[in-house]
Each structure stands twice: as C-alpha cells, then as structure tokens.
Amino acid sequence: MSLGVILMKRVLFSLGLLVSMILLTGALTAAAPVPNVTFTLLNGLPSTLNVGETATVTVHVDSDQEFLLAQMLPTFYFPGRGVVAANTGGDRVLRSTSADLTVTFVAKGSTADFTGGWSCPPGTAPVATVVGVRYPGGFVASQRFDFCVTVP
C-alpha cells in the first residue's frame with residue numbers, strides 16, 4: 001500500500017472516531033428541564049407611609065425543582081431618601097423548593113420634592129424589590145416588584 005492510501009485511511013478513521021464522540025457526548029449530556037418557578041407577592045408596600053412607619057414586603061417563591069438559593073433585595077430610585085430598607089442585605093433561603101422572603105422598609109423623610117421615576121409620579125419614592133432564584137447548572141429566574149410610596 002502506498003503512503004498516501006495509508007494516510008487517507010488514518011484520516012478517515014480519525015474523522016469517524018471524532019464524529020462518533022461528538023454524537024455520543026451530545027446524547028449523554030441532555031439538557032435538564034427548565035424549572036417552573038412562581039413568584040407571588042403576599043404583602044406589598046402601602047401607597048402612603050408616615051415618617052417613622054415601617055412596612056414589610058413579602059414574596060412567596062414556589063419551584064418544582066430544588067434551588068440553590070432564593071434571595072430578595074431592595075432597590076431604590078432615590079437611595080437613602082424618602083423610604084429606606086431596614087434590612088439592606090435582603091432575605092435569602094438556601095436549598096429548598098419554596099420560600100417566603102421579606103424586606104422591611106422604613107419611611108425616613110418627606111417625598112414632596114421628589115421628581116418621580118420609573119413609573120411613579122412626582123412626589124413619590126420609587127421603591128422595588130427584586131427576587132431571584134438560582135439553580136444548579138447556572139439557571140436563574142427573577143421577578144421585580146415596583147412600588148410608589150408617598151411620605152408626607
């Protein structure tokens with residue numbers, strides 16, 4: 001046999017082996033089903049809070065698969081003014097299929113001079129909570145809850 005024929009057979013064999021490995025790898029690493037997650041707002045913020053009053057936002061997370069972490073954090077359009085979070089680190093639950101997450105807010109000062117923002121009218125503090133759920137493999141589901149709060 002000539003050297004060219006031998007090299008051609010080796011190349012074809014190597015190519016066939018590579019294609020077989022790719023096909024088997026794809027069959028063995030089938031994607032896991034995407035989790036079904038629901039976020040339910042149990043308690044929102046009232047539209048008006050007086051200075052010094054507190055209110056707690058509670059969100060229930062329910063999943064058909066166990067998650068690594070569920071977390072809720074506060075976010076603000078005017079941070080440190082109007083309405084602030086009492087627990088700025090938010091709330092979290094590790095390794096479960098359901099969680100009740102809470103963040104407590106405190107009315108700090110008047111919002112009369114606020115220009116509004118997000119979808120809130122002037123004179124209100126735009127406040128939100130963001131809830132996220134992280135699963136093995138890197139999948140993340142999230143939901144944002146927006147509130148407009150007036151502090152007289």
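Please read all numbers here as calculations on a predicted model, not as lab measurements.
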Q: Carefully, step by step, assess Phe67 and Arg95 under the rule side chain to side chain contact (heavy atoms under 4.5 Å, CB included).
A: CA-CA 5 Å; Phe67 51 77; Arg95 296 202 175 270; over 6 Å; no
Q.
Donor-acceptor pair, distance only, cut-off 3.5 Å: does the side chain of Lys108 make one with the backbone of Gly80?
A. yes
(Q) Could you check whether any side-chain N or O of Asp64 sits under 3.5 Å from a backbone N or O of Asn36, counting only pairs where one atom can act as donor and the other as acceptor? (A) yes
Q: To the nearest 0.5 Å, tell me how far Thr102 OG1 sits from Asp91 CG.
A: 4.5 Å
**Q.** Pairs where residues 143-152 contributes a residue and the test side-chain hydrogen bond (donor to acceptor under 3.5 Å, both in side chains) is met, not counting sequence neighbours
**A.** Arg144-Asp146
(Q) Show the nearest heavy-atom pair for residues Ala55 and Pro46, with the distance to one decimal. (A) CB-CD, 3.7 Å
(Q) Restricting to non-hydrogen atoms, name the atom on Ser98 and the atom on Val93 that form the minimum distance, rounded to 0.1 Å. (A) O-CG1, 4.4 Å
Q: Could you grab the distance from atom CD of Gln71 to atom OG of Ser142, nearest 0.5 Å is fine?
A: 12.0 Å
Q | Set of residues satisfying salt bridge (charged side-chain N to carboxylate O under 4.0 Å, His left out) with respect to Arg134, sequence neighbours excluded | A | none
Q: Measure the acute angle between the ring planes of Phe76 and Phe105, then classify it against the limits of 30° and 60° as parallel, tilted or perpendicular.
A: perpendicular
(Q) Can you tell me how far apart OG1 (Thr104) and CG (Asn87) are? Round to the nearest 0.5 Å. (A) 5.0 Å
Q | Gap separating the CG atom of Leu42 from the OG1 atom of Thr56, nearest 0.5 angstrom | A | 12.0 Å
Q) Does a side-chain heavy-atom distance below 4.5 Å link Phe78 with Thr115? A) yes
Q.
Within the 4.5 Å heavy-atom criterion, are Pro152 and Asn50 side-chain neighbours or not?
A. yes
Q: Output, in order, the C-alpha distance, side-chain angles, deciding distance and verdict of side chain to side chain contact (heavy atoms under 4.5 Å, CB included) for Ser96 and Glu66.
A: CA-CA 5 Å; Ser96 186; Glu66 184 179 66; 5.8 Å; no
(Q) Could you report the tightest heavy-atom contact between Phe147 and Cys120, atom names first, then the distance? (A) O-SG, 3.7 Å
(Q) Looking at Ala85, is its backbone amide N or carbonyl O close enough to the side chain of Thr88 to form a donor-acceptor pair, meaning the two atoms are under 3.5 Å apart? (A) no
Q. Rounded to the nearest 0.5 Å, how far does OG1 of Thr58 lie from CG of Asp100?
A. 7.0 Å
(Q) Which residue in the set Val83, Thr75, Val84, Leu49 passes side-chain contact (heavy atoms from CB on, under 4.5 Å) when paired with Val127? (A) Val83
Q) Is there a path from Val130 to Val61 through hydrophobic residues (I, L, V, M, F, W, Y) whose side chains come within less than 4.5 Å of each other? A) no
Q) Looking only at heavy atoms, what is the nearest atom pair of Val51 and Gly109, with distance? A) CG2-CA, 4.0 Å
Q: Quickly, which of Leu101, Val57, Val103, Leu41 forms a side-chain contact (heavy atoms from CB on, under 4.5 Å) with Val131? Name it, please.
A: Leu101
Q: Check Gly116 against Pro126 and note the closest heavy-atom contact, atom names and distance.
A: C-CG, 4.1 Å
Q: Go through Tyr135 and Leu69 one step at a time and tell me if the side chain to side chain contact (heavy atoms under 4.5 Å, CB included) criterion holds.
A: CA-CA 7 Å; Tyr135 291 89; Leu69 168 74; over 6 Å; no
Q.
I need the Tyr77 OH to Phe114 CZ distance, nearest 0.5 Å.
A. 11.5 Å
**Q.** hydrophobic_cluster_shared for Leu68 and Phe139, side chain cutoff 4.5 Å
**A.** no
Q | Residue pair Val37 / Ala141: nearest heavy atoms and the distance that separates them | A | CG2-CB, 4.1 Å
Q: Give a yes or no on whether the backbone of Val151 and the side-chain of Thr111 come within a donor-acceptor separation of less than 3.5 Å.
A: yes
